[in-house]
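Here's the structure we're looking at; comments come further down.
Computed over heavy atoms, backbone and side chain alike; hydrogens, waters and symmetry mates excluded. One-based numbering along the sequence shown.
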Amino acid sequence: MRLSLLLYFFICFIFNSLVLTAQNVSIQFQSITFEDGISDSRINHVMQDKEGFLWFATRLGIDRYNGQTMKTYQFLQEKQAEINTMLQSQKGHIIVATTKGLYFLNIENDRFELLKSQNAELDTHLDTNIHSIIQLKDGRFLCSSATGTIFSLSLEESKTEYHIFNFDKGSNNNYASALFQDVNGVIWMGTSQGALWFYNESEFVPSGFSKFNNTTYINEITADADGNLWIATNGNGLFNFNADLEQAKHYKKTNNNHSETINNNMVLSLYADKNDNIWIGTDGGGLNLYKKAKSKFHHFQSDGYNEFSISDNAILDISPGEDNVIWTGTVHGGVSYFKNNISLYNIPPSKLGMDHKDKQDSRILEAKNGEFWLTAGRNGLRRFNPKTGKTTIFKDDPSDKNDLSGNNILSLYEDSLGRIWIGTLYGGLNILNPKTNQFLKAENWSGLKAIFAIEKDGKGNIWVGSNSGITVYDTQLNILNTYSVNSNIGLSSNVITCLYKDVKDDMWAGTATGLNVFKQDKFTSYLPIKEDKTSLSGSRILSIAEDDDLSILVGTYGYGLNRYVRSSDNFIRIGKDNGLEATFIRGIFLDDEKNIWCSTNLGLSKISPEGIVQNFDGHDGIEPFNNNKAEFGRDGYIYMAGTFGITYFKAKELKNNYSKNPNVFFTSISLINENGIEQVPFENHLKTNRLTLPQDNVVFNIGFATSNYWDPEKIIFAYKLEGLHEQWQTVGSQQTLYFSNLDPGDYTLKVKAINNAGNESSHIASLKITAMPSFWEKIWVKILMFLFFIATVIGFLKWRISAIKRQKLELELRVNQKTKLVEEQNKKIYKNNLDLLNAEKANQELKRKQLENELNFKTDELTNRTLREIHKNNLLDKIKNDISKVAKRNEDSERLKSIVNLIDDTLNLDKDWDDFYNLFQQVQPAFISNLKKMCPNITDRDVKLCALIRLNFSSQHIATLFGISESSIKVARHRLRKKLKIEENQSFQEFFESLRPKTAT
């Protein structure tokens, strides 16, 4: 019984795995079209040369592409010929097989020319329809013409040798349509009549393939790692032929299981990669892939709704390129190419009942029974059974109240009873029992809107987050609690965007305005603080998870990832400085190896336990997450859903598709001089790896590119011009360098590429540059000029010395003469100056005497006037005394007293003082102003007293002038001394002398 049970589970596991792996491989294609400059949308052949250039064979000629510019070589128009195929030889020569002969690229003049020889018989074969050409291991070229002739060429520098291979069945109707040499050196030939021949020492003989009765044109032959031949026919499908056993397996389109065979019988091209995958180009079925390890076919066809699909369903050529890129030439879509790094698998939307009309992304949930539940944009819910491939569609029928109650689904959750909880935008909360496909009604299910989050707490209750807060349900679908801002328990917002239960059974709630954690029946909120970098980086929370160290990971809307550290109760921000390019973190989970995976607006980001970040985007097959997130399922798979269906991969198998070691090559050189801009022919520097700058060159620029055509925008460049720079100079994504006015000499320009992982390419483009000197900068010219300069200097010195001697003698004679003349003139000048000085002195003395006399006169006048005043005052005083005595005896005393008062008034009149001041100012012009500057609070009476003292009037005279006693004058003088701060040992006259302005001597 136990053995049977184990066998049952083993068979179920194998079956489940087979169903998953039987789905389509997911590949991201890119295209090169007319917008990039190709001359024709029909590409017969694609080739990437050793330098990294791309060559496209079209009906109009050859296009050469460097990732920036396209150059077209149109050399067949006059002959009305077309290109069949082309190759690059072991020595780097580009050879083209056309319907009108064999052409090669003449690198001297950058032009394709018809191959000619000195042998007339060989020229006859060369001037035909060369249908196929390959290079053999010995270096010879094997060619087949449409006339049935097969010949080899040995292209040497001096001569062209050839050999005609015996093919007795060859004719215009039976010619070699495909040539191939296997690893053992055996040459195989497929014919236009469907036969397979091989070369046996001296001739082509039929192989055992003839017993399979193929009569259909053979387009191409290749071999897998086991040595089996794969043969593409023009309508009879694909053959896998074992030549040793003479066994073949025939693959043709059927109406049964498409994973068992090809999807189109017109097989135009083949390529066997190093992983033993067979790539098959069809005419109408797109690109087919046969994975030998799984014995399954995968098909890739053009999809107008998918920008990353192959550009056309008719594949003329499949060619390998550098850095694991595969190139395909199509009939109508130009060039399509992709990274041969198969790690993604896809369940197409057609199997899920989804279309391309609604671009809204999908949520996906892997249930415990292995079924997938996913939202279909705004078009309901899908249930996909990977074992049976069956899809069940759930949509809202307005007339049915028991079905899904809203087509726009925002969240999914599976509870412990296997029920699927479905949160919608407007339709409320839906709960589906998968066993009965019946929808259950929870309490207040229709009152909840915009349900973004559903999570189970530590007690088994279900928390539902909507735009009205949190509603907690028990297993019986009854409401236990509701939490909102109005509950006053600390919730920061009613808009709940995500929920998470940590290992401690604490419930975390992300909202539109911050992060909340529910502990002990209340919420603690964390909000961003502008000046605090240890706070939350953004307020709108999109996702929450827990790291292996129990820290909480928080994804924000536009502000990157945060790590909440419990021990320090703060946040560490993880963003661009740490390598995380995206800012919208819509989902977070940990895989089995403890790597953190973030669903972002740019794709997926993986953070290792060591903190190393890897970003996966459209170049890696990962679409941006606009309103959804990836989910980590069973067996280490990561699932994503959207209009592309379900894409899934093993977490440990996803690798970056960025270019690992791109080659760098030069693309163009332009010289700028006085005549304008001159383009250097492409091959002139490519062949010799040397550039010679002419002597009149002023500025030149050099363009370069890399062999990475997958994500060239993520490559940065650095260069070093040896001879000028010692260190590498980083120029970012710039692909042109400009140099000007280089000094004559030899330089070496080196350019390297650095990919988006920071790894430097080991391939460094190198170009030797010689800057030619101008005529005047040439060495022999410089030597001659130097010698001429020395001779000129010596001659000049000798001439100068002789001239100096002559000038010295003449100068001495002139100096003597001039000296005598100057001495005589000096004597005359001295005498004249002396006379002038004496006259001036006499004049000054006269003026001084005049001023002195004038001063003395005015002083005398002032003194006399003052004395007269004194005399007048004395006289008036005597008259006053006499009248006073008479008045005492006279009866008319009142009249006499009035006369006395008049005399007193006369003694106090200021008119005489005004005249005194005017005259005093003439004698002592600055005395009064200087006195007032020194003592601003001095009174007019004090000024009068100072003026009289300055004129040396006695105290008696001053008392008479003032009409007071002499003792009062002494008191007034004492007070004046204190007011003017005159020292005790200093007289008034000494003090007044100090007030006089000092004159220059």
Note: N708 and S659 closest approach over all heavy atoms is CG-CB, 3.4 Å
Using the side chain to side chain contact (heavy atoms under 4.5 Å, CB included) definition, which of the options L499, I462, L365, I451 pairs with Y413? I462
Would you compute the distance between atom CD1 of I574 and atom CD1 of I585 and round it to the nearest 0.5 angstrom? 9.5 Å
Could you tell me whether F308 atom CZ has more than 12 heavy atoms of other residues or ligands within 6.0 Å of it? yes
May I ask you to decide whether D505 forms a salt bridge with K456, counting only side-chain N to carboxylate O separations under 4.0 Å? no
Looking at Y658, is K660 sitting on its ring face, NZ or CZ under 6.0 Å from the six-membered ring centre and within 45 degrees of the normal? yes
Under the salt bridge (charged side-chain N to carboxylate O under 4.0 Å, His left out) test, which residues partner K291, sequence neighbours left out? none
What residue pairs, at least two apart or across chains, pass salt bridge (charged side-chain N to carboxylate O under 4.0 Å, His left out) with a residue in residues 641-650? none
Take atom NZ in K629; do more than 12 heavy atoms of anything else shown fall under 6.0 Å from it? no
Criterion side-chain hydrogen bond (donor to acceptor under 3.5 Å, both in side chains) on N562 and S537, from CA distance to verdict: CA-CA 7 Å; N562 296 259; S537 64; 2.8 Å; yes
With ring pair (Phe, Tyr, Trp, His ring centres under 6.0 Å) as the test, pick out the partner of W508 among F518, W463, Y564. Y564
Per salt bridge (charged side-chain N to carboxylate O under 4.0 Å, His left out), E371 is matched among R383, K390, K435 by R383
Is there a side-chain contact between H619 and Q30 in this structure, where contact means two heavy atoms from C-beta onward sitting under 4.5 Å apart? yes
Which one of Y709, W279, F338 satisfies the ring pair (Phe, Tyr, Trp, His ring centres under 6.0 Å) criterion with W327? Y709
Does the side chain of V325 reach to within under 4.5 Å of the side chain of N340, using non-hydrogen atoms? no
Basic-acidic side-chain contact under 4.0 Å: D474, K459: no
Option from D620, N656, D323, N657 for which side chain to side chain donor-acceptor pair (under 3.5 Å) with K339 holds: D323
For T647 and S26, does a side-chain donor sit closer than 3.5 Å to a side-chain acceptor? no
Closest approach of I638 to A651 (non-hydrogen atoms, all atoms of both residues): CD1-CB, 3.7 Å
Evaluation steps, side-chain hydrogen bond (donor to acceptor under 3.5 Å, both in side chains), between S362 and N628: CA-CA 6 Å; S362 299; N628 63 333; over 6 Å; no
Would you please test E366 and R634 for salt bridge (Lys or Arg N to Asp or Glu O under 4.0 Å) and show each step? CA-CA 8 Å; E366 185 184 20; R634 301 181 305 164; 3.3 Å; yes
Any ion pair linking E581 and K576 (charged N to carboxylate O, less than 4.0 Å)? no
Of all heavy-atom pairs between L515 and I544, which one has the smallest distance, and what is that distance? CD1-CD1, 3.7 Å
With a 3.5 Å cut-off and no angle check, do the side chains of R563 and S551 form a donor-acceptor pair? yes
For D226 and K292: C-alpha separation, side-chain torsions, deciding distance, then whether salt bridge (Lys or Arg N to Asp or Glu O under 4.0 Å) applies. CA-CA 11 Å; D226 295 327; K292 286 188 62 179; 2.8 Å; yes
Closest non-hydrogen atoms of A582 and N601, given as atom of the first, atom of the second and distance, are CB-OD1, 3.2 Å
Identify the heavy atoms of L374 and L381 that sit nearest to each other, and give their distance. O-CD1, 3.5 Å
Does the side chain of T282 come within less than 4.5 Å of N288's, by heavy atoms? yes
Can you find a pair of side-chain heavy atoms, one from D547 and one from L590, that are under 4.5 Å apart? yes
Ring centre gap for Y557 and F584 strictly below 6.0 Å: yes
State the CG-OG1 distance between L561 and T600, to the nearest 0.5 angstrom. 10.5 Å
Looking at N228, I318, L270, which one forms a side chain to side chain contact (heavy atoms under 4.5 Å, CB included) with T222? L270
Test D506 against every option in D457, I552, V517 by the side chain to side chain contact (heavy atoms under 4.5 Å, CB included) rule and name the one that passes. V517
May I ask you to check whether Y271 and W230 place their ring centers less than 6.0 Å from one another? no
Side chains of I622 and F649 in contact at under 4.5 Å (non-hydrogen atoms): yes
Going by salt bridge (charged side-chain N to carboxylate O under 4.0 Å, His left out), name the pairs with one or both residues in residues 411-429, residues two or more places apart or in two chains. K368-E414, D415-R419
Check: I420 and I422 side chains under 4.5 Å, non-hydrogen atoms: yes
Supply the atom-to-atom distance Y500 OH to I588 CD1, rounded to the nearest 0.5 angstrom. 10.0 Å
Evaluate the side-chain proximity of I715 to P662: yes if any heavy-atom separation is below 4.5 Å, no if none is. yes
Ring centers of F297, Y251 separated by less than 6.0 Å: yes
Let's go through N341 and N324 carefully: what are the C-alpha distance in whole Å and the side-chain angles of both, what is the deciding distance for side-chain hydrogen bond (donor to acceptor under 3.5 Å, both in side chains) to 0.1 Å, and is it a yes or a no? CA-CA 7 Å; N341 182 17; N324 212 24; 5.4 Å; no
Any carboxylate oxygen within less than 4.0 angstrom of a Lys/Arg side-chain nitrogen, looking at R363 and E631? no
Roughly how far, to the nearest 0.5 Å, is CZ of F452 from CG of N627? 7.0 Å
For the atom pair CD1 (I596) and CG (D591), what is the distance rounded to the nearest 0.5 Å? 9.5 Å
Spacing of CZ belonging to F632 relative to CG belonging to N595, to within rounding of 0.5 Å: 9.5 Å
Smallest heavy-atom separation, I342 atom then N277 atom, equals CD1-ND2, 4.2 Å
Report the relative orientation of the aromatic rings in F589 and W597; use parallel for angles under 30°, tilted for 30 to 60°, perpendicular for over 60°. parallel
If you count heavy atoms of other groups shown closer than 6.0 angstrom to OH of Y559, is the number above 12? no
Verify salt bridge (Lys or Arg N to Asp or Glu O under 4.0 Å) between R566 and D549, making sure each step is shown before the conclusion. CA-CA 10 Å; R566 297 176 187 265; D549 62 359; over 6 Å; no
List the steps, then state whether side-chain hydrogen bond (donor to acceptor under 3.5 Å, both in side chains) holds for N430 with S405. CA-CA 7 Å; N430 293 257; S405 64; 2.9 Å; yes
Does some side-chain heavy atom of V464 sit less than 4.5 Å from a side-chain heavy atom of I470? no
